[in-house]
Amino acid sequence: QVQLVESGGGLVQAGGSLRLSCAASVRTFSTYAMGWFRQAPGKERQFVAAITWSGGSTYYADSVKGRFTISRDNAKITVFLQMNSLKPEDTAVYYCAADRRPYSIANFQPNSWGQGTQVTVSS
């Protein structure tokens, strides 16, 4: 199992930006597809974005397409989520996740999760 640690959350005004980072602890990081989920209070956890092992392909939820960008640096064993044009409805705890299937992004099914980082967008 992969240990994942998120950082970069915080409070931002609507229209602003944040960049989340997720550091992994596994040497075989480059063989995993990586992704982000979020969970707002009283709601189910929902998929946000995923990226293949090489970073060559990405996949986004419709609600964030065009505003969020997922990327990864395999040398630094880190995955990022750049969030622009943030809206109050983006407020949630954001979770980093790993799927040991390197190309699995459209059907992303993680087997490892981070502890989450809070993102709050004020109106």
Side-chain angles (χ1 to χ4, degrees):
Q1 193 170 8
V2 182
Q3 290 190 335
L4 303 168
V5 179
E6 302 96 334
S7 61
L11 174 64
V12 63
Q13 288 188 334
S17 298
L18 280 175
R19 189 191 196 205
L20 305 183
S21 298
C22 172
S25 65
V26 64
R27 293 180 181 178
T28 55
F29 175 77
S30 62
T31 66
Y32 286 75
M34 297 296 297
W36 291 91
F37 286 72
R38 66 186 181 186
Q39 187 168 19
K43 296 187 177 181
E44 293 186 354
R45 189 174 298 189
Q46 63 174 191
F47 171 81
V48 175
I51 188 167
T52 54
W53 70 277
S54 66
S57 295
T58 57
Y59 188 75
Y60 296 93
D62 287 343
S63 58
V64 306
K65 202 172 294 183
R67 299 188 299 123
F68 290 12
T69 302
I70 187 171
S71 62
R72 66 190 294 163
D73 185 334
N74 287 343
K76 296 182 178 180
I77 320 180
T78 304
V79 63
F80 305 97
L81 185 67
Q82 178 67 43
M83 305 185 294
N84 298 329
S85 302
L86 283 162
K87 305 174 182 180
E89 51 264 44
D90 294 318
T91 295
V93 176
Y94 282 72
Y95 296 90
C96 178
D99 185 332
R100 61 176 65 247
R101 300 171 300 169
Y103 295 100
S104 173
I105 55 175
N107 184 29
F108 190 73
Q109 297 181 4
N111 59 305
S112 299
W113 296 88
Q115 83 289 349
T117 185
Q118 177 70 46
V119 171
T120 303
V121 184
S122 63
S123 58

TODO: Answer with yes or no whether the hydrophobic clustering places Leu81 together with Val12; edges join I, L, V, M, F, W, Y residues whose side-chain heavy atoms lie under 4.5 Å apart.
DONE: yes
Open item on the list: Using the rule that Ile, Leu, Val, Met, Phe, Trp and Tyr join whenever any side-chain heavy atoms are under 4.5 Å apart, tell me whether Ile105 and Phe68 fall into a single cluster.
Closed with: no
Open item on the list: Do the side chains of Lys87 and Asp90 get close enough for a salt bridge, i.e. N-O under 4.0 angstrom?
Closed with: no
Less than 4.5 Å apart, side chain to side chain, heavy atoms only: is that true for [X] and [Y]?
X	Y	value
Met83	Leu20	yes
Gln118	Thr91	yes
Phe108	Phe47	yes
Phe80	Cys22	no

Open item on the list: Return the CZ to CD1 distance between Arg27 and Ile77, rounded to the nearest 0.5 Å.
Closed with: 9.5 Å
Heavy-atom pair of closest approach, residues [X] and [Y]:
X	Y	answer
Tyr32	Ala98	CD2-CB, 3.8 Å
Ile51	Val79	CG2-CG2, 4.3 Å
Tyr60	Ile70	OH-N, 2.9 Å
Arg100	Pro102	O-CD, 3.3 Å
Pro88	Ala14	CD-CB, 4.1 Å

Task: Val2 vs Phe29, side-chain contact (heavy atoms from CB on, under 4.5 Å): CA-CA, chis, key distance, verdict - done: CA-CA 8 Å; Val2 182; Phe29 175 77; 5.6 Å; no
Open item on the list: Can you confirm whether more than 12 heavy atoms, excluding those of Gln39, are under 6.0 Å from its CD atom?
Closed with: yes
Open item on the list: Against Phe37, only a single residue in Tyr95, Trp113, Tyr94 fulfils ring-ring contact (aromatic ring centres under 6.0 Å, His included); can you say which?
Closed with: Trp113
Task: Check: Thr52 main-chain N/O paired with Arg72 side-chain donor or acceptor under 3.5 Å - done: yes
Open item on the list: For Thr69, is there any backbone N or O sitting under 3.5 Å from a side-chain donor or acceptor partner on Gln82?
Closed with: no
Open item on the list: Checking Gln109 against Asn107: is there a side-chain donor and acceptor pair closer than 3.5 Å?
Closed with: yes
Task: From CA spacing to verdict: side-chain contact (heavy atoms from CB on, under 4.5 Å), Val64, Arg38 - done: CA-CA 11 Å; Val64 306; Arg38 66 186 181 186; 4.0 Å; yes
TODO: Just do the side-chain contact (heavy atoms from CB on, under 4.5 Å) check on Met34 and Leu4 with the steps written out, would you?
DONE: CA-CA 10 Å; Met34 297 296 297; Leu4 303 168; 3.8 Å; yes
TODO: I would like to know whether Lys76 and Ser21 meet side-chain contact (heavy atoms from CB on, under 4.5 Å); could you show each step before the answer?
DONE: CA-CA 11 Å; Lys76 296 182 178 180; Ser21 298; over 6 Å; no
Open item on the list: In terms of relative ring orientation, are Trp53 and Tyr103 parallel, tilted or perpendicular, with 30° and 60° separating the classes?
Closed with: perpendicular
